[in-house]
Amino acid sequence: MLQWFKKHPEFLRRESNALANDSNYKELFQYRDNLFISHGNIVVRANGLHRFPILVLYSDATPYRLPMIFPLERQLSQEEIVNLSKLQLSEALENIKSFTKFYYNLRHQNSSGELCTLEREDLDKPINIYGISTILQRVTDWHIGHITGEYPPDSEDVNFIAHFNHISSNLKFFYSEQFLDLSLTEGDCYANLFKFIPQDPIFTENKYIYFGCFIDGKKNGIFTQIDVDLTRFGIKDIKTSLDLYSKNSTVEGFLKDKILLKASWFHINSEPAPFGTIEELITIIGNGEYQHGLIRLSQSIHNFKSLDEYFYLGLRFPNRKGIYEFQLFKVLKKELSEGYVIEQTDNTQKIKEIFDCYNKIEAIQSEKLTEESFHQRNSKRADYDILKDASINIFGVGALGSEIADCTTKAGIGDIMLVDNQVMHAHNSVRHLAGMEYIGIPKVIAVWQILNSHNPFIKISPFTGDLYQLDPENLKDDSITICSIADDNVEGFINQQLVLSNKPAFYVRALRGGKTARIFRVIPEKDACFHCLSLYRNENEYFIEIPEDAEYPTLKNECNNPIRPASAADLKLIASIASRFIIEHLQSGESENNHWVWSTDTIDGTVINSNSIYSQYIPPHKDCVYCNYKQKIQVTISEDCISFMQDLIRENPTIETGGVMAGIKDEKGNIVITHVSGPGPKAVMSSTKFEKDIEFCQNFLDEIYQNSNQTTTYVGEWHSHPSTNNHPSETDVKSLTEIAIEKIT
């Protein structure tokens, strides 16, 4: 690889001259081999003349990356500089650490020892390439602070943990809003193992990611527990916060196996300066008083049955913005420390002796994971304050439905129900949210698990039921349904159930191999429903016919489940567009339009242009039986039909009898029953049961249909009850419902 100074010789020349002639810096050695390095002293003229040795190191990303500045314990020899310049960057940084001087109580120094010299510019501004003179002035200002105590101001967003020399490389800790309950002052907290990443060729050590699941503490002098539902964390045998205390042996086993992490924690009054010794930590716990820190520690020292190799300790404090943070630390024992057992818990001297056995403190990456902070990057475009109270039902979690579920989950929609009865197959993963690790698992379970990992603050309910068994009463009153099944029969039934129950829905379909999408909204009595569109389609009105692309034929048809080719990129884009419409609807209410067609193609003979979304409003159709269902339908029956049924019943009034009914339907949907059948010779009839002779009844209907020039058709069923109760039984209702939703074959 061509080194930076060979690509930017002019920049090298300017930097080399500036280093040799800068008034704030007295250069001792400058050497260029694999790396370009300068070594010298920062000269400070304040209350006398002071010299501070530093090392200046340029990486291969120069000039786009600032030179790295390291304060040193001592001046280095020319031979040491020459040897460093011959190394690779990673090797040089590791060697430089042994020479670096760490100022634990100061900011502007990272854990690597490098100084933070300049802040990053705004992302929208052009790149600024700073020369070494600007950087050396900043380094000088920082060193002047060693004399005057006045250091350059911090950025508002400086990461607290970045300034610790020792940062745990195998631990990460997330904590919830409960860890910031200011009514608690000190106590214990637990975190459960959220993810374990084993050592492999990429990760040189095991990594543990923990999520804070429980905290207790003093409240007005009394220890108070914050009750947390631990079942969501999947900790076997620990279902409530009380179990953490009552099941000691179980908890001890989880702590030993690193399934749980336990720490004592303390609230302090202000953000601490970075520290490196146990004495500084105790002083911080005491809010500036070492002895008071020992006393506070002695009240929680019951955690120590013996002198452990390490223990965890947490601090809660307000940062410089006044926002509270929780920071976890790992405190490690000195290598030569001997074992020590505590016999008296109120002896602060013994406590001091115990803590004197510890000398290394590792800061653990601690990240606040609250509802507010988690959704911050979605703010404005996805208003969490509104969306968290919204409910949606996603019918079908295939290639489109799973991606819509993911988008709406990340947006923060508070309650999501998933419904699908299919199982993941290997070929699904090429365009599905779930991968091949979910083969054989119901799609709703796979998607549910993925969504839970994407947003822990919402409720997701998976159901593997058949949508033909849909009961709208099981849907929340204010919920919105999103259906992406793309099966006319299923969606026709769903449309019927939702419209009659006055529940809104969005339907999403991918067309032409994913190059086109149709998205439409159905608000009952306001929008054209699924059935309305079929009526408009037959009339060639409103509905925009999108012809299929002959180059994208159906791949297979298994169990009436046609599969059309479409790339995951297209389907993901369609899902994103649909999700955007849904989110806007939940945030801002109904839009003027209710029908959208997006396409990457210009479709001849239509108004659809390439790479655009065509929007329109389609009203309910005047002849739609669902949108006009509130209009009463008149049903009449001829006297001959009534007489026929009565005569059949009189033949044997102790048993149930019945048959089918045929008739005609006028333009207003009114029904006139013109023919009724008997039960048929193979019918099953008793005092409590009736089953018609299906073959006989079907022949009866076929003959009438043919003889009436296909105008008289099946309109219903009839049967009698021997008892005086003429209300339909539960069995009757169930049978009629099954007949009503049965597919026409």
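Predicted, not measured: the structure shown is a model, and the values here were computed from it.
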Task: Shortest non-hydrogen contact from Ala446 toward Ile441 - done: N-CG2, 4.1 Å
TODO: Step by step, work out the side-chain contact (heavy atoms from CB on, under 4.5 Å) result for Arg580 and Arg381.
DONE: CA-CA 9 Å; Arg580 187 69 253 164; Arg381 286 294 286 159; 3.3 Å; yes
Task: N-O pairing of Arg509 and Asp488 below 4.0 Å - done: yes
Task: Flag if over 12 foreign heavy atoms under 6.0 Å of CG, Asn538 - done: yes
Open item on the list: Can you confirm whether Glu584 is buried at CD, in the sense that more than 12 heavy atoms of other residues, nucleotides or ligands lie under 6.0 Å from that atom?
Closed with: yes
Open item on the list: List the residues meeting side chain to side chain donor-acceptor pair (under 3.5 Å) with Asp601, not counting sequence neighbours, and say none if there are none.
Closed with: Lys515
TODO: Kindly say whether Asp181 contributes a backbone atom to a donor-acceptor pair with the side chain of Arg316 at under 3.5 angstrom?
DONE: yes
Open item on the list: Evaluate Leu387 against His375 for side-chain contact (heavy atoms from CB on, under 4.5 Å), listing each step before the verdict.
Closed with: CA-CA 11 Å; Leu387 297 179; His375 295 94; over 6 Å; no
Task: Under 3.5 Å donor-acceptor, His432 side chain and Val447 backbone - done: no
Open item on the list: Using 0.5 Å steps for rounding, measure from the OG1 atom of Thr408 to the CD1 atom of Ile394.
Closed with: 4.0 Å
- [ ] Over all heavy atoms of both residues, which pair between Tyr626 and Val499 is shortest? Give the atoms and the distance, please.
- [x] O-CG1, 3.7 Å
TODO: Determine whether Tyr175 and Leu180 make a side-chain contact, defined as any pair of heavy atoms from C-beta on separated by less than 4.5 Å.
DONE: yes
TODO: Look up atom CG in Asn455 and atom OH in Tyr384, then write down how far apart they are to the nearest 0.5 Å.
DONE: 6.5 Å
- [ ] Please check if atom CH2 in Trp596 has more than 12 non-hydrogen atoms from other residues, nucleotides or ligands closer than 6.0 Å.
- [x] yes
Task: Heavy-atom pair with the smallest gap, counting every atom of Phe179 and Phe214 - done: CZ-O, 3.5 Å
Task: Heavy-atom side-chain proximity of Asn594 to Phe520 below 4.5 angstrom - done: no
Open item on the list: For a 4.5 angstrom cut-off between non-hydrogen side-chain atoms, does Ser264 reach Asp188?
Closed with: yes
TODO: Give a yes or no on whether a salt bridge exists between Lys526 and Glu590, defined as a side-chain N under 4.0 angstrom from a carboxylate O.
DONE: yes
Open item on the list: Assess the residue pair Val597 and Ile603 against the criterion (side-chain contact (heavy atoms from CB on, under 4.5 Å)); give the C-alpha distance rounded to whole Å, side-chain angles, the decisive distance to 0.1 Å, and a yes or no.
Closed with: CA-CA 11 Å; Val597 178; Ile603 303 177; 5.6 Å; no
Open item on the list: Regarding Asn495 and His531, do their side chains bring together a donor and an acceptor under 3.5 Å, going by distance alone?
Closed with: no
TODO: Could you tell me whether the side chain of Asn474 reaches within less than 4.5 Å of the side chain of Met417, counting heavy atoms only?
DONE: no
- [ ] Determine yes or no for a side-chain-to-main-chain donor-acceptor pair under 3.5 angstrom, with Tyr536 supplying the side chain and Pro619 the backbone.
- [x] yes
Task: Separation between CG of Leu511 and CG of Asp570, rounded to the nearest 0.5 Å - done: 12.0 Å
Task: Any donor-acceptor N/O pair, Glu491 side chain to Ala486 backbone, under 3.5 Å - done: yes
Open item on the list: I want to check something: taking the side chain as every heavy atom from C-beta on, are Leu467 and Phe493 in contact at a cut-off of under 4.5 Å?
Closed with: no
Task: Value rounded to 0.5 Å, distance of CZ in Phe581 from CD1 in Ile519 - done: 5.5 Å
Task: Shortest non-hydrogen separation from Leu260 to Leu255 and the atoms involved - done: O-CD2, 3.5 Å
Task: Salt bridge Lys503-Glu473, side-chain N to carboxylate O under 4.0 Å - done: no
Open item on the list: To check you understand the geometry: which heavy-atom pair defines the closest contact between Leu433 and Asp406, and what is its length?
Closed with: CD1-OD2, 3.7 Å
Task: Any donor-acceptor N or O pair under 3.5 Å, side chains Ser599, Thr516 - done: yes
TODO: Before accepting this row, confirm whether a basic side-chain N of the pair Arg537/Glu545 lies closer than 4.0 Å to the acidic partner's carboxylate O.
DONE: yes
- [ ] Check the pair His585 / Phe506 against ring pair (Phe, Tyr, Trp, His ring centres under 6.0 Å), numbers first and verdict last.
- [x] CA-CA 10 Å; His585 177 88; Phe506 281 78; 5.4 Å; yes
Open item on the list: Any heavy-atom pair between the side chains of Tyr210 and Leu193 that's under 4.5 Å?
Closed with: yes
TODO: Compare all side-chain heavy atoms of Leu533 with those of Tyr542 and state whether any distance is below 4.5 angstrom.
DONE: no
TODO: Please report the closest heavy-atom contact between Val522 and Phe530, naming both atoms and the distance.
DONE: CG2-N, 4.3 Å
TODO: Measure the CZ-CZ distance between Phe543 and Arg518 for me, rounded to the nearest 0.5 Å.
DONE: 3.5 Å
TODO: Could you tell me whether the side chain of Asn206 and the main chain of Asn170 form a donor-acceptor pair under 3.5 Å?
DONE: no
Open item on the list: In the structure I gave you, are the side-chain heavy atoms of Phe463 and Val444 within less than 4.5 Å of one another anywhere?
Closed with: no
Task: Exam field: side chain Gln327 to backbone Ile364, donor-acceptor pair closer than 3.5 Å - done: yes
TODO: Determine yes or no for a side-chain-to-main-chain donor-acceptor pair under 3.5 angstrom, with Asn452 supplying the side chain and Gln449 the backbone.
DONE: no
TODO: Would you confirm whether Asp243, through its side chain, and Lys247, through its main-chain N or O, come within 3.5 Å as a donor-acceptor pair?
DONE: no
TODO: Starting at CG of Leu315, measure out to CZ of Phe329 and round the result to the nearest 0.5 Å.
DONE: 5.0 Å
TODO: Could you go through the side-chain contact (heavy atoms from CB on, under 4.5 Å) check for Ile485 and Tyr507 one step at a time?
DONE: CA-CA 8 Å; Ile485 296 172; Tyr507 295 84; over 6 Å; no
- [ ] Keeping the roles fixed (side chain from Asp420, backbone from Gln422), state whether a donor-acceptor pair exists under 3.5 Å.
- [x] yes
Open item on the list: Other residues, nucleotides and ligands only: do more than 12 of their heavy atoms fall within 6.0 Å of CD on Gln376?
Closed with: no
TODO: Check the side chains of Gln178 and Ser176 for a donor-acceptor pair under 3.5 angstrom, ignoring hydrogens and angles.
DONE: yes
Task: Donor-acceptor contact below 3.5 Å, side chain Asn378 vs main chain Lys410 - done: yes
